[in-house]
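Here's the structure we're looking at; comments come further down.
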Amino acid sequence: MAAKIAYDDVEVGTELPAQTFPVTRATLVQYAGASGDFNPIHWNEKFAKEVGLPDVIAHGMFTMAEAIRVVTDWVGDPGAVVEYGVRFTKPVVVPNDEQGATIEVSAKVAARLDDQTVRVDLTATSAGQKVLGMSRAVVRLA
């Protein structure tokens with residue numbers, strides 16, 4: 001695969017299509033199985049509350065992975081992401097109901113860098129609170 005977005009067609013301020021990602025308790029169980037992270041704060045409501053959390057919370061790495069999908073869907077090639085980092089600021093609380101939670105992600109090109117790369121800054125929120133801080137990706141464009 002190769003990036004579908006041309007470096008020459010992108011300017012600072014270019015907004016990527018925003019996305020919303022649903023998260024349910026079932027999603028967390030599936031992620032736990034795939035990742036091997038069976039920490040009970042991600043599936044056991046009683047345990048999560050005993051350790052001071054408001055409820056079961058999504059895995060941080062799951063939240064991070066959902067957020068970068070905005071970038072990989074835009075660029076058309078996950079391999080075009082050459083650097084990605086976040087700071088975890090708030091947990092994504094996932095209630096035990098049919099709706100669960102959502103992670104809303106927006107992003108925009110913050111800088112044009114050397115070697116056909118751009119820095120993309122992401123904003124990820126859930127329940128009106130920012131859940132990732134300093135969320136940035138460097139992406140190599142066509």
Side-chain angles (χ1 to χ4, degrees), residues 1-113 116-142:
M1 295 179 81
K4 296 177 182 177
I5 305 294
Y7 180 80
D8 292 335
D9 294 339
V10 176
E11 300 175 2
V12 170
T14 298
E15 293 188 18
L16 284 60
Q19 294 187 53
T20 299
F21 303 100
V23 186
T24 64
R25 296 280 178 97
T27 308
L28 299 182
V29 170
Q30 291 168 332
Y31 182 82
S35 69
D37 182 351
F38 294 102
N39 187 325
I41 64 173
H42 304 303
W43 57 270
N44 184 320
E45 185 174 332
K46 181 179 180 290
F47 182 85
K49 289 181 177 180
E50 284 175 356
V51 298
L53 295 168
D55 207 331
V56 165
I57 63 170
H59 303 73
M61 297 304 285
F62 171 81
T63 304
M64 188 177 176
E66 291 292 77
I68 197 65
R69 288 175 55 190
V70 168
V71 176
T72 58
D73 288 353
W74 172 69
V75 76
D77 179 9
V81 176
V82 296
E83 185 178 314
Y84 178 45
V86 306
R87 186 174 295 152
F88 300 106
T89 57
K90 298 272 185 193
V92 175
V93 178
V94 183
N96 191 18
D97 59 21
E98 293 80 32
Q99 288 79 36
T102 57
I103 302 168
E104 298 88 19
V105 183
S106 61
K108 71 168 71 173
V109 174
R112 288 170 49 96
L113 308 171
Q116 301 289 103
T117 61
V118 296
R119 189 186 88 217
V120 176
D121 291 353
L122 297 93
T123 301
T125 61
S126 183
Q129 295 196 327
K130 195 171 182 179
V131 294
L132 299 177
M134 299 294 293
S135 184
R136 297 178 173 172
V138 175
V139 183
R140 179 162 290 111
L141 302 180

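Shown here are the side-chain hydrogen bond (donor to acceptor under 3.5 Å, both in side chains) partners of Thr27, two or more places apart in sequence or in another chain: Thr24. For Arg119, the salt bridge (Lys or Arg N to Asp or Glu O under 4.0 Å) criterion is met by Asp121, not counting sequence neighbours.
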Donor-acceptor pairs under 3.5 angstrom involving side-chain atoms of residues 45-58: please list them, not counting sequence neighbours.
{"unit_1": "Glu45", "atom_1": "OE1", "unit_2": "Arg25", "atom_2": "NH2", "d": "3.4"}
{"unit_1": "Glu45", "atom_1": "OE2", "unit_2": "Lys49", "atom_2": "NZ", "d": "3.2"}
{"unit_1": "Lys46", "atom_1": "NZ", "unit_2": "Glu50", "atom_2": "OE2", "d": "2.6"}
{"unit_1": "Asp55", "atom_1": "OD1", "unit_2": "Arg25", "atom_2": "NH2", "d": "2.7"}

Return all side-chain donor-acceptor pairs below 3.5 angstrom for residues 92-103, not counting sequence neighbours, or 'none' if the list is empty.
{"unit_1": "Asp97", "atom_1": "OD1", "unit_2": "Gln99", "atom_2": "N", "d": "3.1"}
{"unit_1": "Asp97", "atom_1": "OD1", "unit_2": "Gly100", "atom_2": "N", "d": "2.6"}
{"unit_1": "Thr102", "atom_1": "OG1", "unit_2": "Glu104", "atom_2": "OE2", "d": "2.4"}

Return all side-chain donor-acceptor pairs below 3.5 angstrom for residues 29-38, not counting sequence neighbours, or 'none' if the list is empty.
{"unit_1": "Ser35", "atom_1": "OG", "unit_2": "Tyr31", "atom_2": "O", "d": "2.9"}
{"unit_1": "Ser35", "atom_1": "OG", "unit_2": "Asp37", "atom_2": "N", "d": "3.1"}
{"unit_1": "Asp37", "atom_1": "OD1", "unit_2": "Asn39", "atom_2": "N", "d": "3.2"}

Indicate every side-chain donor-acceptor pair of residues 130-142 with a distance under 3.5 Å to a residue at least two apart or in another chain.
{"unit_1": "Arg140", "atom_1": "NE", "unit_2": "Asp115", "atom_2": "O", "d": "3.4"}
{"unit_1": "Arg140", "atom_1": "NH2", "unit_2": "Asp115", "atom_2": "OD2", "d": "2.8"}

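Between Phe62 and Val23, some side-chain heavy-atom pair lies under the 4.5 Å cut-off.
Applying the salt bridge (Lys or Arg N to Asp or Glu O under 4.0 Å) test to residues at least two apart or on different chains, none of the pairs has a partner in residues 1-14. Sequence neighbours left out, not one pair with a member in residues 75-91 passes salt bridge (Lys or Arg N to Asp or Glu O under 4.0 Å). Residue pairs that meet the salt bridge (Lys or Arg N to Asp or Glu O under 4.0 Å) test with at least one member in residues 57-67, sequence neighbours left out, are Glu66-Arg69. Pairs passing the side-chain hydrogen bond (donor to acceptor under 3.5 Å, both in side chains) check and including a residue from residues 13-23, sequence neighbours excluded, read Gln19-Asp73.
Taking every heavy atom of both residues into account, Pro17 and Val70 meet most closely at O-CG1, 3.5 Å. Ala3 and Ala80 make their closest contact through CB-CB, 4.3 Å (heavy atoms, listed as atom of the first residue, atom of the second, distance).
Under a 3.5 Å cut-off, the side chain of Arg112 and the backbone N or O of Val12 do not form any donor-acceptor pair.
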Where do Thr72 and Tyr84 land on the side-chain contact (heavy atoms from CB on, under 4.5 Å) test, with the steps shown first? CA-CA 11 Å; Thr72 58; Tyr84 178 45; over 6 Å; no
